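Notes for the one structure printed next.
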Amino acid sequence: MSRPYTYRCALCGVTAEPRRTRRQAQDDQTEHRAAAHHGLAPDGERIDVQLPEPSEPYQDAPEPEPDELSGLDRWVSCALVVVVVVLFLVFARQG
């Protein structure tokens with residue numbers, strides 16, 4: 001299992017050992033604050049999260065194929081569908 005959480009204090013320039021959980025890294029943070037900063041939070045402290053390496057190198061996604069319908073054609077198609085639905089509803093009520 002990886003250890004992705006690491007506490008860092010930029011003011012002191014220290015980095016704790018990587019931990020398995022955020023809670024463990026926060027415990028490192030609390031201990032360091034108490035020992036080095038009298039319980040205060042120094043500027044620049046943080047808990048880094050290291051993400052796992054991807055199994056394959058990132059490849060750019062291929063460009064999507066252009067839609068067959070674009071712009072005005074799409075609006076006309078939508079309008080036609082609306083007209084057909086309205087006509088169906090009107091004739092369904094009469095029958």
Side-chain angles (χ1 to χ4, degrees):
M1 178 180 234
S2 65
R3 296 178 178 219
Y5 300 96
T6 306
Y7 169 70
R8 299 179 193 279
C9 178
L11 186 63
C12 296
V14 297
T15 301
E17 290 293 316
R19 304 296 182 184
R20 289 182 194 222
T21 66
R22 179 175 288 279
R23 181 73 239 162
Q24 290 172 329
Q26 288 171 335
D27 290 343
D28 289 339
Q29 180 182 45
T30 302
E31 290 173 17
H32 178 75
R33 283 180 178 180
H37 303 288
H38 307 288
L40 300 175
D43 291 341
E45 73 171 356
R46 66 186 192 270
I47 294 177
D48 290 340
V49 180
Q50 181 177 347
L51 300 175
E53 293 293 322
S55 56
E56 296 179 12
Y58 175 77
Q59 298 175 359
D60 289 334
E63 288 294 320
E65 294 294 324
D67 293 334
E68 291 179 18
L69 300 176
S70 61
L72 184 60
D73 292 337
R74 186 169 290 159
W75 283 104
V76 170
S77 297
C78 290
L80 183 60
V81 169
V82 170
V83 168
V84 169
V85 170
V86 168
L87 288 174
F88 175 76
L89 293 173
V90 167
F91 285 111
R93 281 186 155 180
Q94 291 178 359

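Heavy atoms only: backbone and side chains are in, while hydrogens, waters and symmetry mates are out. Note that the structure is a prediction, hence the values are computed from the model and not measured.
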Considering all heavy atoms, the nearest Arg46-Asp48 contact: NE-OD1, 2.8 Å

What is the distance from atom CZ of Arg23 to atom OH of Tyr5, rounded to the nearest 0.5 Å? 12.5 Å

Among Asp28, Val14, Thr15, Ile47, exactly one meets side-chain contact (heavy atoms from CB on, under 4.5 Å) together with Arg8. Which residue is that? Thr15

Can you find a heavy atom in the side chain of Arg19 that is under 4.5 Å from one in the side chain of Asp27? no

Assess whether side-chain contact (heavy atoms from CB on, under 4.5 Å) is satisfied between Arg22 and Val49, documenting all intermediate values. CA-CA 9 Å; Arg22 179 175 288 279; Val49 180; 3.4 Å; yes

Taking all heavy atoms of Tyr7 and all of Gln29, pick out the closest pair and write down the distance. CE1-CG, 3.4 Å

Is Phe88 reachable from Leu80 through a run of hydrophobic residues whose side-chain heavy atoms are each under 4.5 Å from the next? no

ILVMFWY cluster, Val76 and Val84 together (side-chain gap under 4.5 Å): no

For residues Gly44 and Ala10, report the shortest heavy-atom separation together with the two atoms involved. O-CB, 3.4 Å

Just by distance, do the side chain of Glu45 and the backbone of Pro42 share a donor-acceptor pair under 3.5 Å? no

